[in-house]
Protein chains: 2
Amino acid sequence: MRPEFLLENQLCFRLYTASRLLTQAYHPLLSEHGLTYPQYLVLLVLWEKDAQPVNDIAKRLYLETNTVTPLIQRMEKEGIVTRSKGEKDARQMIVRLTKKGWDLQVELVDVPTAMGNAVICESVNTETAPELFKMLDDIIAKLKTK
Amino acid sequence: MRPEFLLENQLCFRLYTASRLLTQAYHPLLSEHGLTYPQYLVLLVLWEKDAQPVNDIAKRLYLETNTVTPLIQRMEKEGIVTRSKGEKDARQMIVRLTKKGWDLQVELVDVPTAMGNAVICESVNTETAPELFKMLDDIIAKLKTK
DNA sequence: TAATTTTGCATCGTGAACGATATAATTCAA
DNA sequence: TTGAATTATATCGTTCACGATGCAAAATTA
């Protein structure tokens with residue numbers, strides 16, 4: 001068999017696996033507060049800047065609106081955000097944090113550090129992380145054609 | 001806002017995004033042959049060693065059987081694999097490649113190289129790839145508790 | 001201004017992921 | 001050997017992802 005067909009030689013499989021396992025590691029920390037990982041990502045975006053249209057949130061996460069719309073509708077049902085038509089542009093749906101959405105920022109304050117520690121190992125540490133970030137950023141930049 | 005809450009500072013988001021975008025890059029190459037990326041992963045496992053029980057395939061991919069079972073059922077429906085009860089252990093479901101499954105190996109022979117080239121950039125190349133692989137492998141090893 | 005194109009969002013269908021649960025076969029222990 | 005625990009797989013429900021499509025509002029162009 002050609003060596004390229006070996007799972008061990010494939011970058012995508014590593015990214016796919018590492019991503020899934022790390023998301024799984026977030027699970028207990030987030031489900032405790034009724035959140036999924038993609039919902040947590042939306043919160044990160046809104047904590048940074050509240051009252052954004054669906055499209056801006058989607059772009060920030062490199063997702064399509066057909067993924068983000070139902071996701072945010074579920075968050076609305078949970079009372080984490082509100083959705084209301086844009087005043088300047090009636091096509092836009094502006095997403096705003098509720099008090100509950102802001103409160104979650106306090107409740108989840110230790111999550112980033114906990115997750116950072118979860119991956120610290122011989123080859124990935126405060127010294128080498130920038131290199132890893134650079135490589136992943138370059139891969140993302142190369143692949144996002146839109 | 002605490003800097004840890006910035007999307008830019010989070011490893012998981014990078015892995016999640018890079019994984020999704022790279023899987024999307026596989027899409028045109030695979031859908032042409034009626035395959036999805038996870039189905040392609042199952043083929044990689046079976047090309048390496050045919051006639052494996054569901055559990056071995058799942059373990060190799062770090063997935064649960066409740067993900068792999070329906071996935072393989074779909075592949076069976078497409079005529080890519082067959083499923084039959086294990087003779088030694090009647091609980092096992094042995095998955096075997098059909099002729100169509102083996103033929104796909106020839107049809108997809110250029111995929112690994114094409115995907116490798118798709119991510120080559122300044123910081124990720126033949127020289128630096130081993131470092132990236134090592135870091136991702138260490139992260140995976142640290143996270144797979146089972 | 002009227003007609004056309006583009007944009008922003010929503011809906012639908014399909015295929016993962018994955019927690020929870022069920023079932024049958026095997027193994028282990030009393 | 002019988003009963004209990006374990007193992008291998010399957011099923012179910014929910015939530016992403018994402019291609020395809022639809023629709024209304026806005027922007028562009030004739």
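So that the names make sense, note that chain A is the first sequence line, chain B the second, and so on, each numbered from 1.
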Ile94(A) CD1 to dT7(C) C1', in whole Å, measures 14 Å

May I ask you to verify if any side-chain N or O of Thr69(A) is less than 4.0 angstrom from the OP1 or OP2 atom of dA10(C)?
yes

Contact class for Thr36(A) vs. all strands (heavy atom < 4.0 Å): base, sugar-phosphate, or nothing?
sugar-phosphate

Rounded to the nearest angstrom, tell me the gap between atom CE in Met93(A) and atom P in dA26(D).
13 Å

Base versus backbone protein contacts along nucleotides 23-28 of chain C [heavy-atom cut-off under 4.0 Å; B, S, -]:
--BS--

Nearest-angstrom distance from the residue atom CZ of Arg20(A) to P of dT15(D)
20 Å

Heavy-atom check, side chain of Leu97(B) versus side chain of Leu43(B), under 4.5 Å
yes

Take atom CD1 of Ile80(A) and atom C1' of dT15(D), then tell me their distance rounded to the nearest Å.
14 Å

Would you mind classifying the nucleic acid contact of Asn55(A) as base, sugar-phosphate or nothing, using non-hydrogen atoms under 4.0 angstrom?
sugar-phosphate

Which residue lies toward the 5' end of DNA chain C, Gln92(A) or Thr23(A), if each is placed at its nearest nucleotide?
Gln92(A)

Considering only heavy side-chain atoms of Leu63(A), the closest of dA17(D), dC12(D), dG15(C) is dA17(D)

For Arg96(B) versus Ser84(B), what's the shortest heavy-atom pair and its separation?
NH1-OG, 3.1 Å

Without decimals, in angstroms, what is the distance between Lys59(A) NZ and dG8(C) C1'?
9 Å

Under 4.0 angstrom between Gln73(B) side-chain N/O and dT11(D) OP1 or OP2
yes

Between Pro28(B) and Glu32(B), is there a side-chain heavy-atom distance shorter than 4.5 Å?
no

Charged N to carboxylate O below 4.0 Å: is that the case for Asp103(B) and Lys99(B)?
yes

Value in whole Å for how far the P atom of dA16(C) lies from CD of Glu78(B)
10 Å

If you assign Tyr62(A) and Val54(B) each to the DNA chain D nucleotide with the nearest heavy atom, which residue ends up on the more 5' nucleotide?
Val54(B)

In whole angstroms, how far is the P atom of dT15(D) from the OH atom of Tyr16(B)?
15 Å

With a sphere of 6.0 Å drawn around CD of Glu122(A), does it hold more than 12 non-hydrogen atoms of other residues, nucleotides or ligands?
no

When you get a sec, tell me which of dT9(D), dC12(D), dA17(C) is the closest nucleotide to the side chain of Asn66(B)?
dC12(D)

Just N and O in the side chain of Gln24(B): are any of them under 4.0 Å from OP1 or OP2 of dC18(D)?
yes

Does the plane of the ring in Tyr26(B) sit parallel, tilted or perpendicular to the ring in Tyr37(B)? Use 30° and 60° as the thresholds.
tilted

Provide, to the nearest angstrom, the distance between the CG atom belonging to Asp56(B) and the P atom belonging to dT7(D).
14 Å

